[in-house]
Amino acid sequence: MDILVIHGSPGCGKTTICKNLHEILKSPWFEFGWIPEFTHLNPHTKILPKKEEQLVFENLILVAKNYIQHCFENILLSDLQDIRMLDIPTIFAQNSYAIITLYSECDATIKRRILERDSGNAYKNFKQAATINGMIKSRKRLPNEYRLRCDNQTVDEITAQVLEIIKSHKSGIAFDVNQYNPAHYFSYFDENGQYI
């Protein structure tokens, strides 16, 4: 497999699962926030947060495609904005890819994980995370998307399922973006391009 996108709401364990997979597969792993931000490198350049996110996302995709070109496999991408899941099937249409979406049936688990984590992650909006989790559970699956429940399994159990998906997965499902409603995907930006 070329690309493995680990997705889900904040607090569902994306980073933990990626750490496990990265160690086992020895494959490259890129979290969205690791790509340098435009304003961080250009503090005097004025840019809307939404435009900055677009640039960072495009940079991440260029990095991933460069690694594919250099014959790396099972490249892990994580922590993408939910609305970006609609871009993945088009961007990687010519590649073998899968989206592993983690979800919880218990909002209290999401809340506890967000409030108690000590990873340095400053995100604490558990109500927003519960909203994203609810949207994920209720919408139609994307092509090559697998959903794994994260609140009733150990990290090792989830990791084992992902490894099995990698072994058995066959890409190639046709994608028509018009069959999916963007309103069913969460964006951190308002109509003015500012963070909500």
Side-chain angles (χ1 to χ4, degrees), residues 1-10 12-42 47 50-103 121 132 136 139-148 150 155-156 158-180 182 185-188:
M1 185 175 304
D2 295 322
I3 295 289
L4 193 60
V5 178
I6 307 297
H7 185 57
S9 72
C12 68
K14 298 182 298 291
T15 299
T16 304
I17 296 301
C18 281
K19 282 179 184 175
N20 252 22
L21 292 168
H22 176 62
E23 184 177 329
I24 293 165
L25 298 170
K26 312 296 186 213
S27 57
W29 167 29
F30 302 100
E31 276 203 356
F32 177 79
W34 296 350
I35 300 297
E37 295 182 40
F38 187 84
T39 53
H40 174 72
L41 297 175
N42 300 278
I47 186 170
K50 186 174 182 179
K51 184 66 173 177
E52 180 179 25
E53 188 273 345
Q54 177 74 29
L55 289 166
V56 174
F57 177 74
E58 290 171 1
N59 287 342
L60 177 63
I61 297 307
L62 288 171
V63 169
K65 289 195 170 198
N66 193 41
Y67 272 74
I68 293 170
Q69 185 177 336
H70 287 276
C71 301
F72 284 87
E73 296 179 337
N74 302 316
I75 299 162
L76 299 163
L77 303 180
S78 63
D79 216 25
L80 300 177
Q81 187 178 180
D82 188 51
I83 191 76
R84 289 296 179 189
M85 291 305 102
L86 289 173
D87 297 320
I88 296 300
T90 301
I91 289 169
F92 294 114
Q94 303 305 312
N95 303 103
S96 173
Y97 77 92
I99 300 168
I100 308 296
T101 303
L102 305 174
Y103 73 95
N121 190 325
I132 298 168
I136 286 170
R139 68 188 178 214
K140 177 181 174 180
R141 288 181 197 225
L142 288 163
N144 303 316
E145 180 184 8
Y146 299 83
R147 293 193 185 155
L148 302 178
C150 66
V155 171
D156 289 338
I158 295 170
T159 301
Q161 288 181 59
V162 175
L163 293 173
E164 189 56 40
I165 289 167
I166 291 170
K167 284 183 200 174
S168 61
H169 176 72
K170 303 274 190 269
S171 287
I173 301 169
F175 177 65
D176 178 3
V177 72
N178 296 314
Q179 293 182 8
Y180 296 85
Y185 292 79
F186 188 84
S187 174
Y188 289 101

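Values reported hereafter were calculated over all heavy atoms of this structure, with side chains retained and with hydrogens, waters and symmetry mates removed.
Taken to the nearest 0.5 Å, the NZ atom of K19 stands 12.5 Å off from the CG atom of L21. Rounding to the nearest 0.5 Å places NE2 of H7 at 3.5 Å from CG of D82.
Two residues are said to be in side-chain contact when any heavy atoms from C-beta on lie closer than 4.5 Å; V5 and Y97 fail this criterion. Residues L142 and F175 meet the side-chain proximity criterion, which asks for heavy atoms closer than 4.5 Å.
A donor-acceptor pair under 3.5 Å is absent between the side-chain atoms of S96 and the main chain of S171, judged by distance alone. Remark: the backbone N or O of I91 is paired with a side-chain donor or acceptor of K65 at under 3.5 angstrom.
Using cut-offs of 30° and 60° on the angle between ring planes, the pair Y67 and F30 is perpendicular. Below 30°, between 30° and 60°, or above 60°: for H169 and Y146 the angle between ring planes is above 60°, a perpendicular geometry.
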task: List the steps, then state whether side-chain hydrogen bond (donor to acceptor under 3.5 Å, both in side chains) holds for T159 with N20.
output: CA-CA 7 Å; T159 301; N20 252 22; 3.0 Å; yes
Between E53 and R84, is a salt bridge (charged side-chain N to carboxylate O under 4.0 Å, His left out) present by the stated rule, with each step listed? CA-CA 10 Å; E53 188 273 345; R84 289 296 179 189; 2.7 Å; yes
| task | Show your reasoning for whether side chain to side chain contact (heavy atoms under 4.5 Å, CB included) applies to I88 and L80. | result | CA-CA 10 Å; I88 296 300; L80 300 177; 3.9 Å; yes
Show your reasoning for whether side chain to side chain contact (heavy atoms under 4.5 Å, CB included) applies to D87 and I61.
CA-CA 11 Å; D87 297 320; I61 297 307; over 6 Å; no
Set out, in order, the CA-CA distance, both residues' side-chain angles and the distance that settles side chain to side chain contact (heavy atoms under 4.5 Å, CB included) for L77 and F92, then state yes or no.
CA-CA 12 Å; L77 303 180; F92 294 114; 4.1 Å; yes
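Side-chain contact check for E73 and S27: no donor-acceptor pair (N or O, by modelled atom type) lies under 3.5 Å.
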